[in-house]
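Keep in mind the model is a prediction, meaning the values are calculated, not measured.
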Amino acid sequence: MKILIVDDSDESRVILRNILCAAECAVEEASNGIEALKSARQSPPDIFISGIFMPELDGFSLCQEVKKDGQLNKIPFVFYADSHTAPEDEKLAMALGASRFIIKPAEPAELLKNIKDVIREFKGREAHVLAARSKESDGAPVIYDESLAIKLDQELKELVMKHRSLLEREAALRESEEQFRLIVQNADEIIYSVEIKNNPLEGRLSFVSNQITNILGYQPDEFINDPSLWFHIIHPEDLQSVADSTDKIIKNCKKATRYYRIRHKDTGEYRHIEDMVVPLAANNTVTGFLGMARDITERKELEDSLWQSETRYRLLFEHANDAIYLIAPETEQIIDCNNKAAEMDGYTVEELKNMKITSLHPDNELDVVRERLKEVSQSGSVSCISGLHHIRKDGVFVLIEVNATMLEIGGKLFSLGIVRDISERKMLEDQLIHAQKMEAVGQLAGGIAHDFNNMLTAIIGYGNLLKMKLQDNGQHSHIIDQILGITDRGASLVSNLLAFSRKQAVSLRPVNLNKIIEDAVRFLPKLTGEGIDIKINLAGRDLIIMADSVQIEQILMNLASNARDAMPEGGVLSIKTECVEIDSELIKARKNRRTGAYALLSVSDGGTGMDEAIKGKIFEPFFTTKEVGKGTGLGLSMIYGIVKQHGGYIDVHSELRNGSIFKIYLPLTKETPGEKDRAERSFPAGGRETILIAEDEHGVRKTLKIILEEFGYKVIEAADGADAVKKFMDNRNNIQLLLFDVMMPKKNGIEAFEEIKNVAPDMKVIFTSGYAAKVAVAGRGLLHFIPKPVEPNDLMRKIREVLDA
């Protein structure tokens, strides 16, 4: 079975072709009606399957052309239409001769069954039955000029009267008859008379005017000599209706107008005829009739074209993605609107047509709306009016964008407004602006953290060296411990900055969120004080997530600290965990999220709460509502960075004087938690090897050199990546280890190492950086890394681990 698919959508054709090919059907394709007609005429298919809306020639027009084509009209035609079609579309399709009207998407089995049923039906029918059905399905309503019909009716009456008068006074009016014949023969219409004896189909043309030659190419005598010729050249699909109308005229003895197609003698094309028939009766019996037939082919084609255009544009109006309103400028009354307008405003179309356009706007916008209506009337059009709102029936405000133009209909001017709901677009724009702002601040925070880490590395290094030198001096050792404690706080601040900028190194592994909370809760009372009652409600199952447990503890500590400040007179801090599913409905409300199973950590308090203005800024770094000296403004921004780093999402619900609730979504994993690493802490050993240090910060480089030499190592210094390559080439036989900073001028640490590897593939390396994420991104099989700021003992153990490996 060969099937011709007609659809301008490549995707729709591919899906339909796969279904049909799987059923062992031969498939041909066309992207519009013109291509389909050309293909079908060259190689007729067994069945057409067509969409509706296509360029150049749509599905309705294609169906009509197929049913007109003598070669193709017996091929079944199936519409496979989009789901937004209206019931009127199916009625129109069936009126045009379609066999089925199927709505997308149809189940493959159901679609194939429909196709087989259509083929079976067509094979079981006789040709004349198909022809009759084709006739029944031919054409849309014919609209004709009533004034013209009245005129022709009057002319026929006059002709009847003249004809009767001529019969009665034949001898006396021979000259008048000749004059009448001249008029008839020169008329634009074919004028004829028929004598009826027994059967209507046995009627005999007794007169045909010469105009028949101009219209149909026949001589009048051909019809006089062959009474059946007229019926033989009528289109087969119209023959039955002509016979029925003739029978009805004779039976009712009333005039009638009928429409049919008749074949031209020379060209073989069918011309559309409008035939006005007046019965002639004697003794209440019709003995014949007079007819006036005119060629309306051009008018019919124009009517069909106009009807198709009106149908097409009405369909576009009804199915447009934007709301469309037709407004009377003087009264502001909505004359018409489409279904999209009803959907957007929450009213029915009929309700909107009983309203004024100004009743959809808030009071404070009415002056602007009326000014814009006036502007449209004066200038003819206005583009992109923004900042206005519609009020839905349920009271919700909808942010809109309007384009308007003047339109003349029936001699009257109307304002045509095309209105688009831009609420979602505005929300996405705000989200983008916020994301860009947070990204810029994150870049700044990461840069500050990088420089601060270098300074802390030097301070920690010198502090630890000094402590080693003064081991026996308890008083001085205590002072040094205070200095190192302050540097630890500085390192914690840098960690917060890096967490916000998402450049902090994280150790993600399967952990049980409930277990982390149980461990952390033991320390929270010391943080919140005695006035805060902490209530825990954990999920009844393990919630395994990929996380850095230290950072999850940081989230809890920061939220507990904020809750304490929000409840200075005491209250309840609630911590709850549960398993939730993010589905498509939640994604519609919260963009840029992924569906799936999540662990939900909810932390709520009954404190002072926040208004919308404050809530919109809480995740910005250094924003705080606390007094000077009582907060850095990094707590919530650090939480935001940690959550994002863990692939999660955070929502905040808060009202003034009604407390706050933070909901943190972290994706669940199917991996199993392992045992914690238990690296033994021991006093680091030194060595005698030579180490090449590449560090662009002079203070850090000198600190590292002093520490390494203190532990017995020999050190070669390099100020940047290019200098490191040169120093290595000069001393390649003496160097056992490279200690490279990742971020350096001229050549970064990774580039310098790659160049050195070309001449010394087995050379060992340790990378350091204030940007842990930089190494992770670079990848490249790097095995050894230690983040800044680095403790001398940790550095010595790492060096020994790499050298002894």
Side-chain angles (χ1 to χ4, degrees), residues 3-8 30-42 44-82 85-102 118 121-122 127 129-144 234-241 258-264 268-274 295-316:
I3 299 176
L4 177 57
I5 300 172
V6 191
D7 201 307
D8 64 330
S31 60
N32 58 60
I34 292 178
E35 287 184 13
L37 282 175
K38 182 178 179 182
S39 173
R41 285 166 177 161
Q42 291 175 351
D46 294 310
I47 186 170
F48 288 86
I49 299 180
S50 174
I52 294 179
F53 303 106
M54 296 182 289
E56 301 187 34
L57 190 68
D58 61 29
F60 291 140
S61 301
L62 171 61
C63 183
Q64 195 171 34
E65 291 299 322
V66 167
K67 295 307 175 182
K68 288 179 183 179
D69 193 306
Q71 179 189 4
L72 306 176
N73 59 15
K74 295 179 178 59
I75 299 174
F77 198 102
V78 174
F79 279 98
Y80 193 45
D82 292 327
T85 55
E88 290 76 11
D89 299 324
E90 182 172 358
K91 294 179 182 178
L92 175 59
M94 303 311 290
L96 291 172
S99 300
R100 289 287 191 282
F101 191 88
I102 304 171
V118 169
E121 290 171 11
F122 268 72
V129 176
L130 288 173
R133 175 168 181 177
S134 183
K135 167 61 195 82
E136 291 170 3
S137 64
D138 176 63
V142 179
I143 303 171
Y144 63 92
I234 291 176
H235 195 289
E237 295 178 359
D238 300 340
L239 184 59
Q240 188 61 48
S241 67
R258 55 192 184 182
Y259 300 88
Y260 52 87
R261 291 163 290 174
I262 197 163
R263 188 176 66 247
H264 193 282
E269 67 173 341
Y270 283 93
R271 309 294 295 176
H272 288 269
I273 299 298
E274 180 184 69
D295 184 355
I296 60 167
T297 303
E298 291 184 2
R299 191 186 85 185
K300 185 66 170 60
E301 291 174 350
L302 179 59
E303 287 174 351
D304 288 346
S305 176
L306 289 173
W307 175 78
Q308 291 170 14
S309 297
E310 181 181 352
T311 300
R312 185 179 296 113
Y313 286 112
R314 189 68 196 179
L315 287 170
L316 290 174

Considering residues at least two apart in sequence or located in another chain, which fulfil the side-chain hydrogen bond (donor to acceptor under 3.5 Å, both in side chains) criterion with Arg41? Asp69
Quick one: pull up CD in Glu90 and CD1 in Ile102 and give me the separation to the nearest 0.5 Å. 10.0 Å
Between atom CZ of Arg258 and atom CG of Asp238, what is the distance when rounded to the nearest 0.5 Å? 11.5 Å
Least distance between heavy atoms, Ile52 atom then Asp58 atom: O-CB, 3.1 Å
Evaluate the criterion side-chain contact (heavy atoms from CB on, under 4.5 Å) for residue pair Asp7 and Tyr80; output intermediate values, then yes/no. CA-CA 9 Å; Asp7 201 307; Tyr80 193 45; 5.8 Å; no
Starting from the C-alpha separation in whole Å, work towards a yes-or-no answer on side-chain contact (heavy atoms from CB on, under 4.5 Å) for Thr297 and Glu269. CA-CA 11 Å; Thr297 303; Glu269 67 173 341; over 6 Å; no
Approximate separation, where rounding is to 0.5 Å, of Arg271 CZ and Tyr260 OH: 14.0 Å
Which heavy atom in Ser50 sits nearest to a heavy atom in Leu62, and how many Å separate them? OG-CD2, 4.0 Å
What closest approach, in Å, do Pro236 and Tyr270 show between heavy atoms, and which atom pair accounts for it? CD-OH, 3.8 Å
Restricting to non-hydrogen atoms, name the atom on Ile75 and the atom on Pro44 that form the minimum distance, rounded to 0.1 Å. CD1-CB, 3.9 Å
Please list, chain by chain and in numerical order, all residues satisfying side chain to side chain contact (heavy atoms under 4.5 Å, CB included) with Gln42, sequence neighbours excluded. Lys38
What's the spacing between Arg261 CZ and Ile273 CD1 if we round to 0.5 Å? 12.0 Å
Heavy-atom distance under 4.5 Å between the side chains of Leu37 and Leu72, does that happen here? yes
Could you grab the distance from atom CG of Leu96 to atom CE of Met94, nearest 0.5 Å is fine? 10.0 Å
Parallel, tilted or perpendicular, judged at 30° and 60°: which one describes the rings of Phe77 and Phe48? parallel
Does Glu35 have any side-chain hydrogen bond (donor to acceptor under 3.5 Å, both in side chains) partners at least two apart in sequence or in another chain, and if so, which? Ser31
Distance col, row Ser99:OG vs Ile49:CD1, nearest 0.5 angstrom, shows 11.0 Å
How far apart are the closest heavy atoms of Asn32 and Pro55, and which atoms are they? CB-O, 3.3 Å
Measure across Ser39 and Leu4 and return the closest heavy-atom pair with its distance rounded to 0.1 Å. OG-CD1, 4.2 Å
